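All values reported here derive from a predicted model rather than from experimental measurement. Residue numbers run from 1 in the order of the sequence given.
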Amino acid sequence: MSTLSDLVHAQGLLTEADVEWLHRLAGDGQLLADLASADMVIWIQTADGSFIAVTHSRPSGAATLFYRDLVGEKVRPQWRTQVQSAFESGTIVDSSSPDWFEETPTRVRAVPIVRVAGKDEREVIGVLSRHTNLGEVRTPSRQQISFDECANDLFRMITSGEFPDLAAPTAPRRGAPRASDGLIRLDVDGITTFASPNALSAFNRMGFDDELEGESLAEVTTRLVPPARQVDESLPVVVTGRAPWRTDMEARGVTVSLRAIPLKDHGTRIGAIVLCRDVSELRHQEQELITKDATIREIHHRVKNNLQTVASLLRIQARRTHSEEAREALTQAMRRVESIAVVHDTLASGLAQTVDFDEVFDRVLKLVAEVAAAPNTRARTQREGRFGVLPSEYATPLALALTEVVTNAVEHGLAGQEGIVNIEATRTSELLRVTVTDTGHGLPEGRVGQGLGTQIVRTLIQGELSGTIEWKGNEGEGTQVIIEIPMRWILA
């Protein structure tokens, strides 16, 4: 077990709401580690009263204390009293003297993790420990002092149950800013009291050529964003620090991602942290992907239209020919083309190059309905089980092969009589098994046909899908076709 949920559920002492709270806090573990320039570990109580580490975040701008990850380990004896005291008292407990870890002097802070369970109900569900490497301590810069102040504000909010904020977005967008990307500290009025060099550089690239400190961040962004440009409606609340939200702002071809973290003191807003990151290249790449996806969808749409045109031409030719054999050949070719068109039509409606094959196959069965409507034939098709999602390169040959098998069962197995064709799909992590069973005439003397349709099916299943196909049945007892496709090829 290695994930937070696995470790927490194994102890069985916390509720689902507690787990969600810990997940939210763990998501900001890297932020806390970077702000405090220290290792961050979340501990939960075990059934025997001890504590076990469920997350471990290392600082990106400072040396880590721990070569190996602490996740899954029980609290060490030198930290146990401190962690236990923070858990029981609900207050922050600092080490009174340097704690030595493998000959390295450290300072440990234990912060109780408090979850707001009701209007006036708060409970301690774990402990966050900060481990600072004193051997790496130098004269702190103004940036590090500001970062440390921000970390202390967040530690205090964790203790009062005000951080993490459940109103914040649950999943960060691609390119979400971190402390090292740029940090701006706002006071309660939205005035910048500190801006890191990276934050100032990001705003400089958007056209701001002055100092951010002492400026209203809302007024700065108003001046930067062109009046004609449509902006995210959440931008005002982010740049004033009033809501725990994320947004992007764009100016002069530069896109900066912003994340606001309101700072509170027992319910009273005292300011905010605004993280910022230049994500111009990321957004450009995302736009290129969107354009490529749109192009691919358009290609599938055009291929589908072209295939349907070919099928229509084959249908017209089949109606005009005087040879029954030629008409049958043209009709079969038309159905094959239409079954391929179904796959491309499905791909044209989505971004992923995968298809829900159950949807595809249900549409393929409608093509077989024309055969079932032949004179003196009353055939009914039914599907059981699920095929699931398949890559497009496998969906096309499988759809074409099943079209041939089901059409053959209706056209030949049930010719001139009433019956059922049952298609059963069974999928595991290793194998996709499709069984097509009809209640028709059966194979004469158990022999498999050697026509073009059979050759096509063998080529598609064995050659394209690396699978196997088997025909079973006796004359007068119906026919069963078993197709097995290894999933390791499909999922590779």
Side-chain angles (χ1 to χ4, degrees), residues 2 4 7 22 25-44 50-87 89 91-113 126-159 163-164 177-183 185 194 196-199 261 263 273 275 277:
S2 59
L4 186 152
L7 291 167
L22 291 175
L25 182 59
D28 279 318
Q30 188 63 57
L31 171 64
L32 292 168
D34 291 344
L35 290 175
S37 297
D39 287 83
M40 295 289 161
V41 184
I42 292 180
W43 307 88
I44 63 167
S50 183
F51 291 87
I52 186 173
V54 292
T55 70
H56 179 189
S57 301
R58 294 180 171 87
S60 58
T64 180
L65 272 170
F66 309 107
Y67 178 74
R68 289 183 174 82
D69 206 305
L70 296 182
V71 173
E73 292 189 12
K74 285 196 172 184
V75 66
R76 302 191 180 187
Q78 64 263 43
W79 308 326
R80 177 173 180 134
T81 300
Q82 192 174 346
V83 170
Q84 182 80 37
S85 177
F87 186 82
S89 67
T91 59
I92 296 176
V93 179
D94 289 306
S95 54
S96 56
S97 59
D99 175 73
W100 290 84
F101 179 81
E102 296 183 355
E103 301 182 355
T104 301
T106 67
R107 182 171 61 249
V108 181
R109 164 171 283 192
V111 180
I113 302 171
V127 175
L128 173 71
S129 62
R130 182 189 73 178
H131 304 260
T132 306
N133 186 343
L134 297 180
E136 295 290 325
V137 171
R138 301 183 180 89
T139 302
S141 63
R142 181 166 178 262
Q143 173 172 302
Q144 185 52 59
I145 293 173
S146 297
F147 277 25
D148 200 50
E149 289 175 351
C150 291
N152 289 333
D153 286 334
L154 293 178
F155 290 147
R156 186 186 64 254
M157 290 171 63
I158 292 171
T159 304
F163 188 81
R178 305 203 309 184
S180 57
D181 297 319
L183 182 144
R185 176 74 183 253
F194 171 79
S196 71
N198 285 344
I261 304 174
L263 298 175
I273 297 170
L275 303 176
R277 178 185 179 185

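Atom-to-atom distance recorded for F194:CZ and R185:CZ is 10.5 Å, nearest 0.5 angstrom. Note that CG of L35 and OG of S180 are 10.0 Å apart. Values are rounded to the nearest 0.5 Å. Separating the CZ atom in F51 from the CZ atom in R80 is a distance of 7.5 Å, to the nearest 0.5 Å. Interatomic distance, CG of D69 versus CZ of R58, reported as 5.0 Å (0.5 Å rounding). Rounding to the nearest 0.5 Å places CD1 of I42 at 4.0 Å from CG of L25. Of the inter-residue distances, the one linking K74 atom NZ with W43 atom CH2 reads 11.5 Å to the nearest 0.5 angstrom.
Using modelled atom types, one side-chain atom of S196 and one backbone atom of L183 make a donor-acceptor pair closer than 3.5 Å. Judged purely by atom type and a 3.5 angstrom limit, T106 has no side-chain atom pairing as donor or acceptor with the backbone of H131. Using modelled atom types, one side-chain atom of S146 and one backbone atom of R142 make a donor-acceptor pair closer than 3.5 Å.
Using a 4.5 Å cut-off on side-chain heavy atoms (C-beta onward), I273 and D153 make no contact. Using a 4.5 Å cut-off on side-chain heavy atoms (C-beta onward), I44 and I52 make contact. The shortest distance between side-chain heavy atoms of H56 and M40 does not fall below 4.5 Å. At least one side-chain heavy atom of F163 sits less than 4.5 Å from a side-chain heavy atom of D28. The side-chain heavy atoms of I92 and P112, taken from C-beta on, include a pair separated by under 4.5 Å.
Across every non-hydrogen atom of V75 and S50, the tightest pair is CG1-OG, 3.9 Å. Annotation for V93 and S85: closest pair CG2-OG, 3.7 Å, computed over non-hydrogen atoms. Here the shortest heavy-atom pairing between A33 and P59 reads O-CB, 3.5 Å. The two atoms that bring S95 and Q82 nearest to each other are N-NE2, 3.2 Å, heavy atoms only. The two residues V83 and V127 come nearest to each other via the heavy atoms O-CG2, 3.7 Å. Between A36 and F155, the shortest heavy-atom contact is CB-CZ, 4.4 Å.
Salt-bridge check for R178 with D181: failed, with every basic side-chain N at 4.0 Å or more from each acidic carboxylate O.
Among N133, T64, T132, the one residue that satisfies the side chain to side chain donor-acceptor pair (under 3.5 Å) test with D39 is T64.
A donor and an acceptor atom, one from each side chain of Q30 and D34, are located under 3.5 Å apart.
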